[in-house]
Amino acid sequence: MSRSYDEIMERIHMSEEAHERILSNVIREGGEKEQEKISSFHPPVRYLAAAAVVLVCVITVPVVYHLQNISVAQEDRTTIGTDDNVQIANGIVECVSVEELSEKVGFPVYDLQEEILPFKADTVEYYSYLEELAEIEYTGSDGDYAVYRKEKGTEDCSGDYNEYSLRDVISLNDIQITLKGDDQRYNLAIWTYEGYSYSLYLSEGISENEFQDILNAAVN
(Lines give C-alpha, C1' and ligand atoms only; values in the text may rest on other atoms or scores of the structure.)
Protein backbone atom coordinates (compact mmCIF):
# COMPACT_ATOMS: atom_id res chain seq x y z
CA MET A 1 0.00 0.00 0.00
CA SER A 2 1.35 3.48 -0.92
CA ARG A 3 1.69 6.16 1.75
CA SER A 4 0.75 9.78 1.39
CA TYR A 5 3.17 12.64 2.04
CA ASP A 6 1.47 13.39 5.38
CA GLU A 7 1.85 9.78 6.54
CA ILE A 8 5.54 9.86 5.76
CA MET A 9 6.06 13.24 7.43
CA GLU A 10 4.34 12.00 10.58
CA ARG A 11 7.23 9.59 11.07
CA ILE A 12 9.80 12.39 10.90
CA HIS A 13 10.35 14.47 14.02
CA MET A 14 10.64 18.15 13.12
CA SER A 15 9.01 21.45 13.88
CA GLU A 16 5.78 22.50 12.18
CA GLU A 17 7.68 25.37 10.57
CA ALA A 18 10.23 23.03 8.99
CA HIS A 19 7.41 20.71 7.88
CA GLU A 20 5.56 23.50 6.08
CA ARG A 21 8.75 24.98 4.61
CA ILE A 22 9.80 21.69 2.99
CA LEU A 23 6.32 21.10 1.57
CA SER A 24 6.11 24.64 0.17
CA ASN A 25 9.55 24.25 -1.42
CA VAL A 26 8.46 21.05 -3.14
CA ILE A 27 5.31 22.73 -4.46
CA ARG A 28 7.18 25.87 -5.53
CA GLU A 29 9.86 23.94 -7.40
CA GLY A 30 7.61 21.48 -9.14
CA GLY A 31 4.27 23.25 -9.37
CA GLU A 32 0.84 21.71 -9.00
CA LYS A 33 1.17 19.82 -12.27
CA GLU A 34 4.31 18.12 -11.02
CA GLN A 35 2.47 17.12 -7.87
CA GLU A 36 -0.25 15.55 -10.01
CA LYS A 37 2.42 13.65 -11.94
CA ILE A 38 3.87 12.26 -8.73
CA SER A 39 0.40 11.14 -7.60
CA SER A 40 -0.17 9.38 -10.94
CA PHE A 41 3.12 7.43 -10.84
CA HIS A 42 3.05 3.68 -10.54
CA PRO A 43 3.71 2.54 -6.94
CA PRO A 44 7.50 1.90 -7.32
CA VAL A 45 8.08 5.32 -8.85
CA ARG A 46 5.83 6.98 -6.28
CA TYR A 47 7.86 5.39 -3.50
CA LEU A 48 11.05 6.83 -4.99
CA ALA A 49 9.52 10.29 -5.17
CA ALA A 50 8.42 10.07 -1.54
CA ALA A 51 11.83 8.72 -0.55
CA ALA A 52 13.48 11.74 -2.15
CA VAL A 53 11.39 14.03 0.04
CA VAL A 54 12.32 12.00 3.11
CA LEU A 55 16.01 12.17 2.17
CA VAL A 56 15.82 15.95 1.93
CA CYS A 57 14.25 16.02 5.38
CA VAL A 58 16.84 13.68 6.89
CA ILE A 59 19.68 15.77 5.50
CA THR A 60 18.17 19.18 6.19
CA VAL A 61 16.88 18.75 9.72
CA PRO A 62 20.22 17.86 11.40
CA VAL A 63 21.96 20.76 9.62
CA VAL A 64 19.31 23.25 10.70
CA TYR A 65 19.39 21.84 14.23
CA HIS A 66 23.19 22.16 14.34
CA LEU A 67 23.15 25.77 13.12
CA GLN A 68 20.42 26.66 15.59
CA ASN A 69 22.46 25.17 18.44
CA ILE A 70 25.49 27.25 17.47
CA SER A 71 23.37 30.40 17.21
CA VAL A 72 21.78 29.83 20.61
CA ALA A 73 25.14 29.06 22.19
CA GLN A 74 26.65 32.26 20.82
CA GLU A 75 23.75 34.38 22.04
CA ASP A 76 23.65 32.89 25.53
CA ARG A 77 27.01 31.62 26.68
CA THR A 78 25.99 31.23 30.32
CA THR A 79 23.35 28.55 29.91
CA ILE A 80 25.75 25.61 29.86
CA GLY A 81 28.79 24.97 32.01
CA THR A 82 30.14 25.26 35.50
CA ASP A 83 31.21 28.08 37.76
CA ASP A 84 34.76 27.75 36.42
CA ASN A 85 34.14 27.72 32.69
CA VAL A 86 31.37 28.02 30.10
CA GLN A 87 30.55 25.44 27.44
CA ILE A 88 29.77 27.51 24.32
CA ALA A 89 29.35 24.75 21.75
CA ASN A 90 30.52 21.20 21.22
CA GLY A 91 34.22 21.16 22.10
CA ILE A 92 34.48 24.91 22.75
CA VAL A 93 34.90 26.09 26.34
CA GLU A 94 35.36 29.64 27.60
CA CYS A 95 37.75 29.79 30.56
CA VAL A 96 38.07 32.50 33.18
CA SER A 97 41.86 32.84 33.17
CA VAL A 98 45.00 31.87 31.30
CA GLU A 99 45.81 29.45 34.11
CA GLU A 100 42.51 27.63 33.65
CA LEU A 101 43.00 27.65 29.88
CA SER A 102 46.46 26.10 30.28
CA GLU A 103 45.00 23.38 32.48
CA LYS A 104 42.19 22.73 30.01
CA VAL A 105 44.46 22.21 26.99
CA GLY A 106 47.23 20.48 28.94
CA PHE A 107 50.12 22.81 28.12
CA PRO A 108 51.29 26.27 29.28
CA VAL A 109 49.78 29.25 27.48
CA TYR A 110 51.39 32.69 27.54
CA ASP A 111 49.13 35.69 28.06
CA LEU A 112 50.05 38.66 25.86
CA GLN A 113 47.91 41.18 27.73
CA GLU A 114 50.92 42.38 29.73
CA GLU A 115 52.90 43.02 26.56
CA ILE A 116 52.76 45.90 24.13
CA LEU A 117 49.84 45.37 21.78
CA PRO A 118 49.07 48.10 19.23
CA PHE A 119 45.96 48.99 21.27
CA LYS A 120 44.75 48.86 24.85
CA ALA A 121 42.87 45.63 25.50
CA ASP A 122 39.71 46.34 27.50
CA THR A 123 38.48 42.75 27.44
CA VAL A 124 40.37 39.45 27.30
CA GLU A 125 38.64 36.13 26.60
CA TYR A 126 40.11 32.62 26.88
CA TYR A 127 38.89 29.67 24.80
CA SER A 128 39.73 25.98 24.60
CA TYR A 129 38.88 24.14 21.39
CA LEU A 130 38.46 20.38 21.88
CA GLU A 131 41.01 20.68 24.71
CA GLU A 132 43.67 20.85 21.99
CA LEU A 133 43.89 24.45 20.81
CA ALA A 134 44.20 27.48 23.09
CA GLU A 135 42.93 30.87 21.95
CA ILE A 136 43.06 34.27 23.64
CA GLU A 137 41.09 37.19 22.21
CA TYR A 138 41.99 40.78 23.09
CA THR A 139 39.47 43.51 22.24
CA GLY A 140 39.89 47.28 22.51
CA SER A 141 37.27 49.97 23.01
CA ASP A 142 37.52 51.07 19.36
CA GLY A 143 36.82 47.58 18.05
CA ASP A 144 40.45 46.63 17.40
CA TYR A 145 41.20 43.05 18.36
CA ALA A 146 43.96 40.47 18.43
CA VAL A 147 43.74 36.67 18.41
CA TYR A 148 46.59 34.60 19.84
CA ARG A 149 46.62 30.82 19.36
CA LYS A 150 48.75 27.86 20.44
CA GLU A 151 48.42 24.17 19.62
CA LYS A 152 50.53 21.02 19.76
CA GLY A 153 52.17 20.11 16.45
CA THR A 154 53.60 22.04 13.54
CA GLU A 155 50.50 22.66 11.42
CA ASP A 156 49.24 26.22 10.89
CA CYS A 157 46.79 26.81 13.75
CA SER A 158 45.68 30.31 12.73
CA GLY A 159 42.56 29.19 10.87
CA ASP A 160 43.19 32.13 8.53
CA TYR A 161 43.03 31.12 4.87
CA ASN A 162 42.80 34.59 3.38
CA GLU A 163 45.00 35.52 0.43
CA TYR A 164 47.46 38.24 1.43
CA SER A 165 49.57 40.25 -1.00
CA LEU A 166 52.49 40.38 1.47
CA ARG A 167 54.32 37.34 2.77
CA ASP A 168 57.69 37.60 4.47
CA VAL A 169 59.76 35.41 6.77
CA ILE A 170 61.71 36.91 9.65
CA SER A 171 63.98 35.26 12.22
CA LEU A 172 63.79 35.90 15.95
CA ASN A 173 66.06 33.88 18.25
CA ASP A 174 66.48 31.28 15.50
CA ILE A 175 62.69 30.95 15.16
CA GLN A 176 61.33 31.40 11.65
CA ILE A 177 58.17 33.52 11.67
CA THR A 178 55.96 34.03 8.63
CA LEU A 179 54.28 37.44 8.38
CA LYS A 180 51.28 38.05 6.14
CA GLY A 181 49.42 41.24 5.29
CA ASP A 182 48.50 43.86 2.71
CA ASP A 183 49.53 47.40 1.77
CA GLN A 184 52.88 47.23 3.56
CA ARG A 185 51.12 46.33 6.81
CA TYR A 186 51.06 42.91 8.45
CA ASN A 187 48.07 41.28 10.14
CA LEU A 188 49.15 37.70 10.76
CA ALA A 189 52.20 35.97 12.21
CA ILE A 190 52.68 32.17 12.19
CA TRP A 191 55.52 30.16 13.73
CA THR A 192 56.45 26.89 15.41
CA TYR A 193 58.63 26.31 18.45
CA GLU A 194 59.53 23.22 20.50
CA GLY A 195 56.68 21.07 19.19
CA TYR A 196 53.97 23.75 19.24
CA SER A 197 52.45 25.94 16.55
CA TYR A 198 51.54 29.57 17.22
CA SER A 199 49.69 32.37 15.48
CA LEU A 200 48.92 35.99 16.23
CA TYR A 201 46.32 37.93 14.24
CA LEU A 202 45.82 41.70 14.48
CA SER A 203 42.68 43.27 13.03
CA GLU A 204 44.62 46.43 12.14
CA GLY A 205 47.84 45.83 10.24
CA ILE A 206 51.14 47.08 11.67
CA SER A 207 54.68 47.42 10.37
CA GLU A 208 57.26 44.64 10.46
CA ASN A 209 59.22 46.42 13.21
CA GLU A 210 56.08 46.78 15.34
CA PHE A 211 55.29 43.10 14.86
CA GLN A 212 58.83 42.19 15.87
CA ASP A 213 58.48 44.13 19.13
CA ILE A 214 55.38 42.09 20.04
CA LEU A 215 56.86 38.78 18.91
CA ASN A 216 60.10 39.32 20.80
CA ALA A 217 58.08 38.96 23.98
CA ALA A 218 55.77 36.22 22.64
CA VAL A 219 58.53 33.82 21.53
CA ASN A 220 60.75 34.27 24.62
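Qualifying side-chain contact (heavy atoms from CB on, under 4.5 Å) partners for T123, counting only residues two or more places apart in sequence or in other chains: T139. When the side chain to side chain donor-acceptor pair (under 3.5 Å) test is applied to S203, no partner is found at least two apart in sequence or on another chain. For S207, the side-chain contact (heavy atoms from CB on, under 4.5 Å) partners at least two apart in sequence or on another chain are R185, N209, E210. Evaluation of the salt bridge (Lys or Arg N to Asp or Glu O under 4.0 Å) rule for D111 yields no partner, not counting sequence neighbours. Considering only residues two or more places apart in sequence or on other chains, K120 meets the salt bridge (Lys or Arg N to Asp or Glu O under 4.0 Å) condition with D122. Taking the side chain to side chain donor-acceptor pair (under 3.5 Å) definition, one finds that S102 meets it with nothing, sequence neighbours left out. Checked against salt bridge (Lys or Arg N to Asp or Glu O under 4.0 Å), E137 has no partners two or more places apart in sequence or in another chain. Judged as a salt bridge (Lys or Arg N to Asp or Glu O under 4.0 Å), and not counting sequence neighbours, E204 has no contacts.
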Evaluate side-chain contact (heavy atoms from CB on, under 4.5 Å) for V105 paired with Y129, printing each intermediate quantity in order. CA-CA 8 Å; V105 295; Y129 292 78; over 6 Å; no
As a quick check of understanding, evaluate side-chain contact (heavy atoms from CB on, under 4.5 Å) for Y138 and L117, giving each step before the final call. CA-CA 9 Å; Y138 306 88; L117 290 172; 3.9 Å; yes
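Two residues are said to be in side-chain contact when any heavy atoms from C-beta on lie closer than 4.5 Å; L133 and S128 fail this criterion. Two residues are said to be in side-chain contact when any heavy atoms from C-beta on lie closer than 4.5 Å; E132 and K152 fail this criterion. Residues V109 and I136 are in side-chain contact: their nearest non-hydrogen atoms beyond the backbone lie under 4.5 Å apart. Counting heavy atoms from C-beta outward, L200 and I214 have side chains that approach closer than 4.5 Å. Taking 4.5 Å as the limit, every side-chain heavy atom of V96 sits out of range of all side-chain heavy atoms of Y126.
Contact record, L172 with Q212: CD1-O, 4.2 Å, taken as the closest heavy-atom pair. In terms of heavy atoms, A189 sits closest to F211 at CB-CE2, 3.7 Å.
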Identify each donor-acceptor pair in which a side-chain atom of residues 174-183 lies under 3.5 Å from a protein atom, sequence neighbours left out, and give them as a table.
| from | atom 1 | to | atom 2 | distance (Å) |
| --- | --- | --- | --- | --- |
| Q176 | NE2 | S171 | OG | 3.3 |
| D182 | OD1 | S165 | N | 2.8 |
| D182 | OD1 | S165 | OG | 2.8 |

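S197 places a side-chain N or O within donor-acceptor distance of the main-chain N or O of E155, the cut-off being under 3.5 Å.
Around the CD atom of E103, the shell of radius 6.0 Å holds no more than 12 heavy atoms that belong to other residues, nucleotides or ligands.
Between atom CD1 of residue I92 and atom CD of residue E131 there is a gap of 12.5 Å, rounded to the nearest 0.5 Å.
Within the structure, ring pair (Phe, Tyr, Trp, His ring centres under 6.0 Å) contacts touching residues 170-195 (residues at least two apart or in different chains) are W191-Y198. Residue pairs that meet the salt bridge (charged side-chain N to carboxylate O under 4.0 Å, His left out) test with at least one member in residues 138-151, sequence neighbours left out, are E135-R149.
A distance below 6.0 Å separates the ring centres of F107 and Y196.
Counting Ile, Leu, Val, Met, Phe, Trp and Tyr side chains that sit under 4.5 Å apart, directly or through other members, Y164 shares a hydrophobic cluster with Y145, V147, L188, I190, Y201.
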